[in-house]
Structure formats: structure tokens, C-alpha cells
Amino acid sequence: MCALRVPVSHCTMSIAIKCCCQLYRTNDAFALLGFCFRRSIVPDVFIFNALLDGLVHEDRILEAEMFFKKLIKELFKQMCALRVPVSHCTMSIAIKCCCQLYRTNDAFALLGFCFRRSIVPDVFIFNALLDGLVHEDRILEAEMFFKKLIKGKLCEPDVVTYNTMIKGALLMEEKGCKPNVVTYSTIIDSLCKDKMIDDAFKLLKEMVFQKGISPNVITYNSLIDGLCNLGRWDEASKMLQEMVDVGISPDVQTFNILVDAFCKEGKVDEAENAIDIMLERGIVPDMVTYNALIDGYCLRGEMSKAKIIFDSMVFRGLVPDIFTYSSLLNGYCKSLKIDEAMDLFNEITRKGLKQDVVTYNTMIQGLFRVGHCGAARRLFDEMHKKGLKPNECTYRVILEGLCNNHQIEEALSMFHLMGDSKLNFDIFMYNILIDGAGKCGKLDIARLLFEDITKMECDFPPNNVTYCVILQGYLKNQYYDDVEILLHEMDGRRYSLDATTLSLFLDQIAAGLLDKTLLELIGKLVPKELVERKTACFVPCWGWCQLRAPAVNCISFCFWICTCTLLHII
DNA sequence: ATAGGGTTAG
């Protein structure tokens, strides 16, 4: 193969090694492993397993044991010597390998290696470790590790994590150690937080009907919170009713969940209603209740009402905390009352409360909004001096602020600085910059950034927003060459157009800048749920269409309706 | 032992 220049891939080696092992020629397989290293082919868990399996087949158990112990050390030594980079992927494979071989302790040692090498473990690595513990019947340790992951926000658990934990709970029971309402509530709560509410209900059913364990007020609160966060209001109120029916009284936290959910939806009246019910039931609103309500008014820019709630809170003897001030600060900033915001910002320190990264982020954003870029930057420096570490949100706010104030070059240099400091920059940051560049008329920059993330091996592929903002950049700058390709790519990725992008398309088609044959393709990119909405709006919509673009025929009728709905024209 | 407040692109 080498003589014929047939490329020898990882797959080839994997097959060859497996083949040798099964033919009782493990020594030859080890020779091939050496070949892998020389060729910089990184062996994976299947290759290691084949080799170990081969040794075991040949009854070379001691060697297998030794091989395994050496494996990790040797592997890294060889890899380092050959300058094969020890990547995140290598560690992931090695850890998984250990776990599957009932060597979870070794796997945890490797986790330490990760931290020392500043390789950030991800959900796959944590899942492997959890699974390893469960496999070794170390369920309690698994449960502790799981809680540590959640509390320390070390990773976002995924469906595999939960399946492992559920499997663990079942295994626990088999061993005669029964999981109780706390075990189940812990898992249910994490499922709810991750919007996996249907799985949470599946687990609830299992808990109630198969294990005979009754949910408590905490279980209900978690479920109600999960439903509210998904906007599934009917089910949330059903749960609330069910809770009362089975004789569990909603407590202050239950109401706080409801108040907070109403406020976030902008339904402050309903939140006030909930507080009235609360008072009728003799439940005393606490700090969290007031903060939620204040935040609700601030989000709507109703600062005088927010202030009234603030006063009544103080009247009731509650001392406003950093959350209270932060909401008010956000409210003033959002309504562009920058002097009031600044006064409040200074008041925080006077009241003996500590400024944190959130209050700084809010204030910096506010200053950028009114164009006070210098003041915003000074605050950013001040934050540094105080030893407060800027987070991803800080950088987003600054990038967006600079872009909106036409300082795209500064934004770019800040972005590169972030890259050097190994801060996590993600698709959000790219979207902000692409959008900003497009708005500043720097389409070349927008295109370069877009190319950056569409070329192979980028950690984060462009998302729906990326496509929308790059398209907006193209349309605003009347550059149409790639528009159709981009739309096709969006279709292939099942992405959809948002209201802003749609309206830009509409306007330019109506103005004759873009060919109307694009409409069919655009129509495909309108979210389906909108197509099904309100047939009653057909008539006025059609009239509006003809008024704005008489040339449009009915191929894209649905598209037009959706556009109108999106733009709140009907 | 398990649950509830503040900042975040278009």
C-alpha cells in the first residue's frame, strides 16, 4: 500500500490491528501500533481494546495488565516525543478507555492531567467518568460527582449524563439501597433546568407508579419552574392545581417561581395577582419576590412603578441587595436614563454593597448605548483594577457597543486580544462582529469572519443567527453574489429567516433590486409554525402585498402571510 | 441531602 501510495488511514490501522489480534498475532499488532505512532495516527479506544483483548485471548493476562498500566504513560511519552499533540480528543479517548476497562480511578488521574495541561474536560469526558463509576457499582460516588458537576457548573449535562444517572439509580435499588425522593428530585430538577421536561415527567411517573415514592413540594417546584421556563403555562397551572389536590401547599418558593416567570413574560399584572393570592394564603413575600417584581417593571421601563415597589420593600424592613440594585440599574440603562443609572451605580458602593461583574456589564452596556464609549472603556479598566474578571458577557457587551458606535476596528482588535488570552469566544461573538461589520459597511470584514467559521474544523459552526446577520450585511450593502448560495445552505441546515432579514428581502424585491424568483426559496425558509397560523389574515395581507409588490404571484402566498405576521402588520 | 432574584448577538 505504501509503495502504491494508497493512503494509510486511522481506519486501515484499526482494521489491521484488530485482524492481527483475532488471529492470535498480538505481537504483530503491537508492531502496527508503533507504525501508527510513527505515522502520527492516534490510536483510539477500539485499537487499545483490540490489543488488550488480543493479550487476554492469548492468556497473557499479566502482560495485559502491565500493558494497560503502561499504556497511558507510554502513550503520552511517545506522543510527546513524536510531537503528536496531546489534544482534548486524546484525553477523551484515554479516559473513556480507562472507564470502559473498569479503571475509573486511572481515568480520574487522567482528569487531573487534563487540568494540568489546561485541557478543559467536556460533557463526553464527564459522562465517561460517571459511567465508569456506575459500572463499578460506585453509585454514591457517581451521585456525588454528578452533583458536583451541576453545582460547580463544570459542564452542561446531556441526555447521556441523565441516562447514566437514571441507570445508576436503578442499579442502586438492585443492590438494596433504595433511591428516595431526594435522589429523584435531584435528577428531575437538573432535567427541568436543561429543558428536558418530558424526560423529567417520565422519571416522575417512574418514581410515583413504579417505586411508589410521592413527590414533595420541591419536586413540584422544580417541575413548575421547568414548565414556566418553556412557556408551557397551561401545564404549569395544572401542576399547581395537582399539587394542591394532593395536599401539598405551595410555599414562598412556588410563588416566587410564578412571579418571576410572569415578570419575565412581561405579565406584571399577573405577577401582582400571584402576590395577592400569596398574601391571602398567609405566605409572606420575601426578598426574591420583590426583586422579581422590581425586575419585571424595570424590564418594561416602568421605573416609577419599580421605585414604588422598592420603597414598599424597604418599608417592610427588607434591605435591598445587589440583585435589587442590578435590576434598577438595568432599567435605567435600558430606558437610556444614563445619569440616573450612574447615580445608582455609585449608590451601590455607598450602601456598602460590592459591585460585581454583572453591575459593571450593565453599566458598560448603558454607556455604550448612549454613545459614551470613553466612559465605558474607563469603567472596563476600573473593573480590571478592582480585580473583577470580565466574563463572556462583558466581551459581548463591549464588542456590540464598539460595533454600534462604528468602531469596528477597535472591536476586532479587542476580539483578537480575547483570542490571545484564551478566553472562550464563541459563535455569539462572531455574530456580533459580522453584524457590526455589515452595519458599518465593512462587508469585506464580515465576509472574512464568516469564512473563518465556515472553513473546516471550526469548533463552532455558524448558526441560524450567523446566516441571518451575514445576509443582512449583504443586502444592506447591495451585494448579491452569494445570497442565493447562502439561502440554499440555510435550507440544507434547516435554518429559517428571522423578521429583520425577511423584511430586508421583501423591501429589496419590492424595489426591484433583487429578482423575485428568489421568493420561492425564501418562502421555504419561513418557520413552519408561522405558515399554519391564522388563515383569517389572508385578505388584508394579500391587499398589502399587492400594494407593496404588485408583481408577486401566489407562489409565495404563505411566505407573505408569515412575513406580515412577523412584522406585526396585520 | 433535593427547589426560587440581576447582565448576554439578530
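Every chain is numbered from 1, with letters handed out A, B, ... down the list of sequences. Nothing here was measured: the structure is a model prediction, and the numbers come from that model.
- Going from atom CG of A/Asn391 over to atom P of B/dA9 covers 13 Å, rounded to whole Å.
- A heavy-atom distance below 4.0 Å to DNA chain B is reached by these residues of residues 434-448 of chain A, ordered by number: A/Asp435, A/Lys439.
- Contact check for A/Glu242 versus A/Ile248: no side-chain heavy atoms found under the 4.5 Å cut-off.
- Aromatic ring pairs are classed by plane angle as parallel below 30°, tilted from 30° to 60° and perpendicular above 60°; the pair A/Phe262 and A/Trp233 is parallel.
- Nucleic acid contact for A/Val465: base, since at least one base atom lies under 4.0 Å from a heavy atom of the residue.
- Among A/Thr164, A/Leu130, A/Leu133, the one residue that satisfies the side-chain contact (heavy atoms from CB on, under 4.5 Å) test with A/Phe146 is A/Leu130.
- Under a 4.0 Å N-O distance rule, the pair A/Lys238/A/Asp234 does not qualify as a salt bridge.
- In terms of polar N and O atoms assigned as donor or acceptor, the side chain of A/Thr362 never comes within less than 3.5 Å of the base of B/dT7 in a complementary pairing.
- Checked against B/dA3, B/dG6, B/dT7, the side chain of A/Thr359 finds its nearest nucleotide in B/dG6.
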Notebook entry, point to check: Which is it for A/Asp381 and A/Lys385 under the salt bridge (Lys or Arg N to Asp or Glu O under 4.0 Å) test, yes or no, and what are the steps along the way?
Noted result: CA-CA 6 Å; A/Asp381 293 337; A/Lys385 273 188 218 131; over 6 Å; no
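- Using bins of under 30°, 30° to 60° and over 60° for the plane-to-plane angle, the ring pair A/Tyr360/A/Phe345 lands in the perpendicular bin.
- Within the 4.0 angstrom heavy-atom criterion, no nucleotide atom of any strand lies near A/Ile188.
- Judged purely by distance below 3.5 Å, without hydrogens or angles, the side chains of A/Asn330 and A/Asp295 never pair a donor atom with an acceptor atom.
- Computed from coordinates, the A/Ile427 CD1 to B/dT8 P distance equals 20 Å when rounded to whole Å.
- In the set B/dG10, B/dT2, B/dA3, B/dA3 carries the atom at the smallest distance from any side-chain atom of A/Ser222.
- Comparing atom distances between the A/Ser185 side chain and each of B/dT2, B/dG5, B/dT8 picks out B/dT2 as nearest.
- Distance from the side chain of A/Thr186 is smallest for B/dT2 among the nucleotides B/dT8, B/dT2, B/dG10.
- Going from atom CE of A/Met383 over to atom C1' of B/dT7 covers 10 Å, rounded to whole Å.
- For the pair A/Leu353 CG and B/dG6 P, the interatomic distance rounds to 17 Å; values are reported in whole Å.
- By the rule that a glycosidic angle within 90° of 0 means syn, B/dG5 counts as syn.
- A/Val358 and A/Ser326 get closest at one heavy-atom pair: CG1-OG, 3.9 Å.
- Within 4.0 Å (heavy atoms only), A/Ile218 reaches at least one base atom of the nucleic acid.
- Of the charged side-chain nitrogens involved, none lies within less than 4.0 Å of a carboxylate oxygen, so that A/Lys202 and A/Asp198 do not count as a salt-bridged pair.
- The side chain of A/Ile432 sits closest to B/dA9 out of B/dG10, B/dA3, B/dA9.
- Here B/dG10 is the nucleotide among B/dA9, B/dA1, B/dG10 with the atom lying nearest to any side-chain atom of A/Asp498.
- At whole-Å resolution of the value, CG in A/Leu399 and P in B/dA9 are 12 Å apart.
- Of the N and O atoms on the side chains of A/Asp286 and A/Thr289, at least one donor lies less than 3.5 Å from an acceptor on the other residue.
- The side chain of A/Arg396 lies closest to B/dT8 when the candidates are B/dA3, B/dA9, B/dT8.
- Residue A/Asn216 places no side-chain atom within donor-acceptor reach of the base of B/dA3, judged by atom type and a 3.5 Å distance cut-off alone.
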Check: After noting the C-alpha distance and the side-chain angles of A/Glu451 and A/Lys455, does the key distance pass the salt bridge (Lys or Arg N to Asp or Glu O under 4.0 Å) rule?
Finding: CA-CA 6 Å; A/Glu451 272 168 30; A/Lys455 64 180 179 217; over 6 Å; no
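- Residue A/Leu471 contributes atom CG, which lies 20 Å from atom P of B/dA9 at whole-angstrom precision.
- Minimum atom distance to the side chain of A/Lys264 is reached by B/dG6, of the listed B/dG10, B/dT7, B/dG6.
- What separates CG of A/Asp286 from C1' of B/dA3 is a distance of 13 Å, to the nearest Å.
- In the interface, the side chain of A/Asp356 is paired with the base of B/dG6 through a donor and an acceptor atom under 3.5 Å apart.
- At a threshold of 4.5 Å between non-hydrogen side-chain atoms, the residues A/Pro250 and A/Arg281 count as touching.
- Contacts between residues 237-249 of chain A and DNA chain B, defined by a heavy-atom separation below 4.0 Å, involve no residue at all.
- Contacts between residues 323-350 of chain A and DNA chain B, defined by a heavy-atom separation under 4.0 Å, are made by A/Phe323, A/Ser326, A/Ser327, A/Asn330, A/Lys334.
- No side-chain heavy atom of A/Lys178 sits under 4.5 Å from any side-chain heavy atom of A/Lys211.
- The nearest whole Å value for the distance from the CG atom in A/Leu299 to the C1' atom in B/dT7 is 11 Å.
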